[in-house]
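A short worksheet on the structure shown next.
Naming convention: chains lettered A, B, ... in sequence-line order (proteins, then strands); numbering from 1 in each chain.
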Amino acid sequence: MRQILDSLLRDALRSLEDSEGWTGLAGTSPELERSRDPRHGDFTSNVAMRVAKRYGRKPREFAAALKDRLAASELIESVEVAGPGFVNLRLSAEAIHGEVRRMLGEGESYGKSDAGQGRRVLVEYVSSNPTGPLHIGHGRNAAQGASLANLLRATGHAVNEEYYVNDAGRQIDILAASVWLRYVETLGNELPFPRNAYQGGYVSNIAARVVERHGAALCGDVAAVAEVFGPAAGGEQEGLAGDDAANADSSHDPDADARIDRLIAAIRGSAGDDSFQTVVDAALDEVLADIRDDLEAFSVRFDRWFSERSLTGGGAVDRALKTLEANGHLYEKDGATWFRSSALGDDKDRVVVRENGATTYLASDIAYHLDKYERGYDVMLNVLGSDHHGYVARLKAAVEALTGHGERLEVQFVQFVVLYRGNVKAQMSTRAGEFVTLRQLREEVGNDAARFIYVSRSNDQHLDFDLELAKSQSSDNPVYYVQYAHARIASMLRRMADNGLSRPDAGGVKLGALEEPEERSLMVALGRFPEVVELAADKRAPHHVVHYVRGIAAEFHAWYNAHRILVDDDDVRDARVTLALAVGCVIRNALGLVGVSAPESM
RNA sequence: GCGCCCGUAGCUCAGUGGAUAGAGCGCUGCCCUCCGGAGGCAGAAGUCGGGGGUUCGAAUCCCUCCGGGCGCGCCA
């Protein structure tokens with residue numbers, strides 16, 4: 001719809017350029033927008049105000065000239081020059097009715113476009129460390145990423161979704177050490193449990209599985225390991241901390257770090273590398289299976305789970321580093337190998353190979369992004385928690401250094417989620433051990449409410465998630481409000497069938513029977529859907545879809561309340577039912593984009 | 001200290017450089033002989049954090065100050 005009007009305006013501009021000799025005019029974008037105020041028509045263009053001066057005309061004069069050139073399209077009912085020089089267009093009934101027919105004809109495809117022209121996009125999201133269950137913050141990332149992927153697909157991009165599994169590195173060793181400690185504990189050998197080990201109950205569950213499967217075979221010499229804790233080591237806990245302690249311990253304590261590294265080394269030494277690896281694998285398997293199930297239940301599915309280990313093991317990291325080195329981006333200092341990222345926009349240079357010879361997380365990530373690039377993606381879109389924003393400059397520098405296409409890396413940040421129960425903050429507190437997992441949230445409020453609320457705010461806005469509101473089955477709850485509109489339509493259709501009324505044929509129905517102002521306004525609003533989808537995809541902002549569909553539901557409820565649909569007059573009834581069907585179609589498609597169901601009844 | 005994000009109605013938030021800044025909740029007062037009241041209508045409520053600037057036009061862009069969040073590891 002918008003595109004057709006847009007091209008009409010462009011034609012008019014070209015015609016003005018030809019006849020008036022106003023060179024360059026044809027290349028001007030008309031900037032056609034939806035009018036906010038219905039008194040300003042349906043669409044409005046500000047082109048006159050922007051360019052009139054260039055051709056020595058007053059904006060209103062220019063607008064009047066433009067108005068005269070606008071072809072007498074059957075889509076336009078009237079053109080008006082208003083205010084300081086706006087050109088306002090009012091859609092004809094033909095245009096509006098044609099759009100409604102299109103909705104019903106296209107059905108679930110309505111709203112899709114080929115704007116992306118098949119450009120290949122890889123959306124990487126969640127990518128949470130497999131060291132524990134997903135929490136509510138990951139939930140927002142998941143909802144955001146999955147919705148973005150849907151939006152990009154709907155706008156003609158070739159999309160793949162990926163979860164990068166950080167299954168190598170120190171955090172995993174710490175997880176394995178944590179499991180091992182619980183494991184020997186289960187077998188009756190209590191050792192101190194370091195504060196910066198993983199505290200969560202799931203660690204003990206994994207340990208229990210290890211006991212089932214391997215008995216005491218992985219213990220090694222527990223007494224030897226105990227020496228790490230020093231002579232004072234007893235059976236007491238070293239301290240209390242939350243589930244996420246290893247990450248949450250923000251004032252990172254070098255002593256504690258060193259101690260846990262010694263612990264890992266001691267376990268490896270006494271139980272053997274193979275045994276340790278068995279624990280690592282068991283821990284990863286359990287945690288990843290849990291994450292996978294959790295996301296699956298949340299309607300979040302990845303095309304690929306990309307293992308970091310596959311990069312280190314497969315030589316990809318070495319290859320990426322060699323390429324960087326060959327191009328002069330690496331240097332040695334203090335026994336480590338550094339990437340000169342500061343030459344490409346980063347604050348400072350970054351270590352890629354540590355003094356001890358181990359590659360860093362960044363080195364793996366560089367290799368991963370090189371791999372993405374080589375797979376031919378035009379856009380590498382990463383959805384990250386906002387606490388990772390400091391990381392982007394170095395990664396972008398690396399992509400630029402390796403490929404010369406740093407601009408292909410795009411990062412969307414998702415701000416934090418704060419949970420409320422009514423007015424009371426229910427935020428997880430690592431100290432108190434109140435750890436709210438995504439699973440707990442889903443079980444409490446349901447998947448639909450969670451997905452909807454997660455993407456209801458702009459992603460760079462903190463999200464206050466009210467559990468009571470999300471659970472409430474009232475109009476206060478935006479999810480139910482929208483779903484109710486859909487269910488109401490389905491219910492009306494059931495009643496029709498009960499009364500022996502057949503559904504109108506979208507082609508033959510007389511939409512001219514829709515004479516109420518609310519009906520015109522609703523039809524026009526429905527016709528905006530494809531533009532909303534494009535906007536949301538373009539801006540990487542799924543919340544536009546949520547706000548839009550709420551508005552549609554509100555207009556529908558108002559209309560439904562004011563006017564009876566199943567009236568005796570066949571023409572009016574058929575027309576109204578058709579409109580209701582169109583509303584249902586748009587609500588369904590909109591909810592589908594953000595992963596929320598559109599129920600027939602509630 | 002430096003960098004990124006955010007300050008819009010009492011609260012939670014929309015707002016693609018445009019015309020009189022919008023929703024929802026809450027508050028006030030209304031509407032069921034009626035297709036699902038899980039609904040609707042009406043009203044009150046704002047110096048768009050402050051101050052400069054760019055522009056025909058700024059909540060939107062630039063500068064600066066004041067609040068709040070996050071980040072500044074040979075962690076991931």
- Message: Please report the distance, rounded to the nearest Å, between CG in D387(A) and C1' in G69(B).
- Response: 11 Å
- Query: Could you state the CG-P distance from L330(A) to C74(B), rounded to the nearest angstrom?
  - Reply: 16 Å
- Message: Would you say the base of A76(B) stacks on H388(A) (centre-to-centre below 5.5 Å, plane angle below 30°)?
- Response: yes
- Query: So what does T44(A) touch, heavy atoms closer than 4.0 Å: a base, only the sugar-phosphate, or nothing?
  - Reply: base
- Query: If we take the C1' atom in both A42(B) and G3(B), what is their distance in whole Å?
  - Reply: 49 Å
- Base, sugar-phosphate, or nothing: which does S491(A) touch, judged by heavy atoms less than 4.0 Å apart? base
- Task: State the pairing partner of C41(B); accept Watson-Crick or G-U wobble contacts with both distances under 3.5 Å, and report none otherwise.
- Result: G29(B)
- Does a donor on one side chain sit under 3.5 Å from an acceptor on the other, for Y331(A) and D349(A)? yes
- Message: Could you tell me the Watson-Crick or G-U partner of A14(B), where both distances fall under 3.5 Å? Say none if there is no partner.
- Response: none
- Message: Is it the case that the base of G73(B) and the side chain of D257(A) share a donor-acceptor contact (distance under 3.5 Å, atom types as modelled)?
- Response: yes
- Mind checking D464(A) for me? I need base, sugar-phosphate or nothing, with any heavy atom below 4.0 Å counting as a touch. sugar-phosphate
- Rounded off to whole Å, could you give me the CZ-to-P distance for the R394(A) and A76(B) pair? 11 Å
- Task: Measure distances between side-chain N and O atoms of N88(A) and base N and O atoms of A19(B), and say whether any donor-acceptor pair falls under 3.5 Å.
- Result: yes
- Note on the structure: L463(A) atom CG is separated from C6(B) atom P, nearest whole Å, by 15 Å
- Message: If you go through the side-chain atoms of T360(A), does one of them form a donor-acceptor pair with the base of A76(B) closer than 3.5 Å?
- Response: no
- Message: Under the criterion of centre distance below 5.5 Å and interplanar angle below 30°, is F86(A) classified as stacked on the base of G18(B)?
- Response: no
- Message: Centroid distance below 5.5 Å plus an interplanar angle below 30 degrees: do H547(A) and A23(B) meet both conditions?
- Response: no
- Item | Modelled atom types, side-chain donor and acceptor of T131(A) and Q171(A), under 3.5 Å | no
- By nearest nucleotide on RNA chain B, pick out whichever of F413(A) and T359(A) is the more 5' one. F413(A)
- Task: For D570(A) and R573(A), work out which heavy atoms get closest and say how close.
- Result: OD1-NH2, 3.0 Å
- Message: Angle between ring planes, Y361(A) versus Y391(A), binned at 30° and 60°: parallel, tilted or perpendicular?
- Response: tilted
- Figure out the NE2/C1' separation between H138(A) and A76(B), and round it to whole Å. 11 Å
- Looking for any heavy atom pair under 4.0 Å, which part of the strands does S364(A) touch: base, sugar-phosphate only, or nothing? nothing
- Query: Using a cut-off of 4.0 Å on non-hydrogen atoms, how would the nucleic acid contact of Q415(A) be classed: base, sugar-phosphate, or nothing?
  - Reply: sugar-phosphate
- Query: Touch check for A82(A), heavy atoms < 4.0 angstrom, all strands: base, sugar-phosphate only, or nothing?
  - Reply: base
- Query: Whole-Å distance between C5(B) P and Q412(A) CD?
  - Reply: 12 Å
- Sticking with atom C1', work out how far A76(B) lies from U54(B), rounded to a whole angstrom. 44 Å
- Message: How many whole angstroms separate atom CG of N561(A) from atom C1' of G40(B)?
- Response: 4 Å
- Residue pair E518(A) / Y560(A), side-chain donor-acceptor N/O under 3.5 Å: no
- Could you state the CD-C1' distance from E534(A) to U16(B), rounded to the nearest angstrom? 12 Å
- Query: Any side-chain N or O of R350(A) less than 4.0 Å from the OP1 or OP2 oxygen of G73(B)?
  - Reply: no
- Query: Which pairs pass side chain to side chain donor-acceptor pair (under 3.5 Å) with one or both residues in residues 532-545 of chain A, sequence neighbours excluded?
  - Reply: E410(A)-R540(A)
- Message: Just to be sure I understand the rule, does A336(A) reach a base, reach only the sugar-phosphate, or reach nothing, if contact means heavy atoms closer than 4.0 Å?
- Response: base
- Item | CG on L463(A) to CD on Q461(A), rounded to 0.5 Å | 9.5 Å
- Task: Once you apply the 3.5 Å cut-off to both distances, tell me the Watson-Crick or G-U wobble partner of C48(B), or none.
- Result: none
- Note on the structure: Closest to the 5' end of RNA chain B, once H563(A) and V353(A) are matched to their nearest nucleotides, is H563(A)
- C1' gap between G18(B) and C13(B), integer Å: 23 Å
- Message: Using only modelled atom types and a 3.5 angstrom limit, is any donor from either the side chain of D347(A) or the base of G3(B) paired with an acceptor on the other?
- Response: no
- Query: Given the P atoms of C70(B) and C75(B), what is the spacing between them in whole Å?
  - Reply: 23 Å
- Query: Do you know which of N166(A), L311(A), L395(A), T360(A) makes side chain to side chain contact (heavy atoms under 4.5 Å, CB included) with D365(A)?
  - Reply: L395(A)
- Query: Is R39(A) side chain donor-acceptor paired with the U20(B) base, going by distance under 3.5 Å alone?
  - Reply: yes
- Note on the structure: Taking a pair to mean Watson-Crick or G-U wobble geometry with both distances below 3.5 Å, G71(B) pairs with C2(B)
- Task: Among C74(B), U16(B), C56(B), find the nucleotide with the atom closest to the side chain of M49(A).
- Result: C56(B)
- Touch check for L566(A), heavy atoms < 4.0 angstrom, all strands: base, sugar-phosphate only, or nothing? base
- Message: Any side-chain N or O of R488(A) below 4.0 angstrom from OP1/OP2 of G37(B)?
- Response: yes
- Message: At less than 3.5 Å, do the side-chain atoms of H389(A) and the base atoms of C70(B) form a donor-acceptor pair?
- Response: yes
